[in-house]
Amino acid sequence: MGTITRLRPIFKISTWCTVVELTRGSGVTQGAISQHLKSLKLAGLVAERPEGRNVYYRAQPDGLAPLVDWMSHYGVFWRDRFANLRTLLTEIDP
């Protein structure tokens, strides 16, 4: 699910919607979207709500909390490393 074509339907799930609604006009098959939603659900990034014959999906932003925590922890480490790299590259090629 790396290309923008494949990601575009997922951006629509800020509100409750079905796989059919996500598929419409996306250029991605219903099966592919269903597979991606399953992975996102397992990762805690999507919530589902069965309603009759339909299942509705919505983004679950709280699922990103572990990633945000990890990034804030390691962000300082990488900022320092990139600053050092920038200094080194400037010294090599002023």
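No hydrogens, no waters, no symmetry mates; every other heavy atom, side chains included, goes into these values. Index from 1, following the sequence.
Residues passing the ring pair (Phe, Tyr, Trp, His ring centres under 6.0 Å) test with Phe77, sequence neighbours excluded: none.
Residues Thr87 and Glu91 form a side-chain contact, since some pair of their non-hydrogen atoms from C-beta on lies under 4.5 Å apart.
Note on Val20 and Ile13: separate hydrophobic clusters, where clusters join Ile, Leu, Val, Met, Phe, Trp and Tyr whose side-chain heavy atoms are under 4.5 Å apart, directly or indirectly. Trp16 is not connected to Leu22 by any chain of hydrophobic side-chain contacts under 4.5 Å among Ile, Leu, Val, Met, Phe, Trp and Tyr, and they are in different clusters.
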Under 3.5 Å, sequence neighbours excluded: what are the donor-acceptor pairs made by side chains of residues 45-65?
unit_1	atom_1	unit_2	atom_2	d
Glu48	OE2	Lys41	NZ	3.0
Arg49	NE	Glu51	OE1	3.4
Arg49	NH2	Glu51	OE1	3.1

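Considering OH of Tyr74 and CH2 of Trp78, their distance stands at 10.5 Å, rounded to 0.5 Å. Leu85 CG to Ile92 CD1: the interatomic distance, rounded to the nearest 0.5 Å, is 8.5 Å. Leu37 contributes atom CG, which lies 10.5 Å from atom CD of Gln30 (distance to the nearest 0.5 angstrom).
Residue pairs meeting the salt bridge (Lys or Arg N to Asp or Glu O under 4.0 Å) criterion with at least one member in residues 20-39, sequence neighbours excluded, do not occur.
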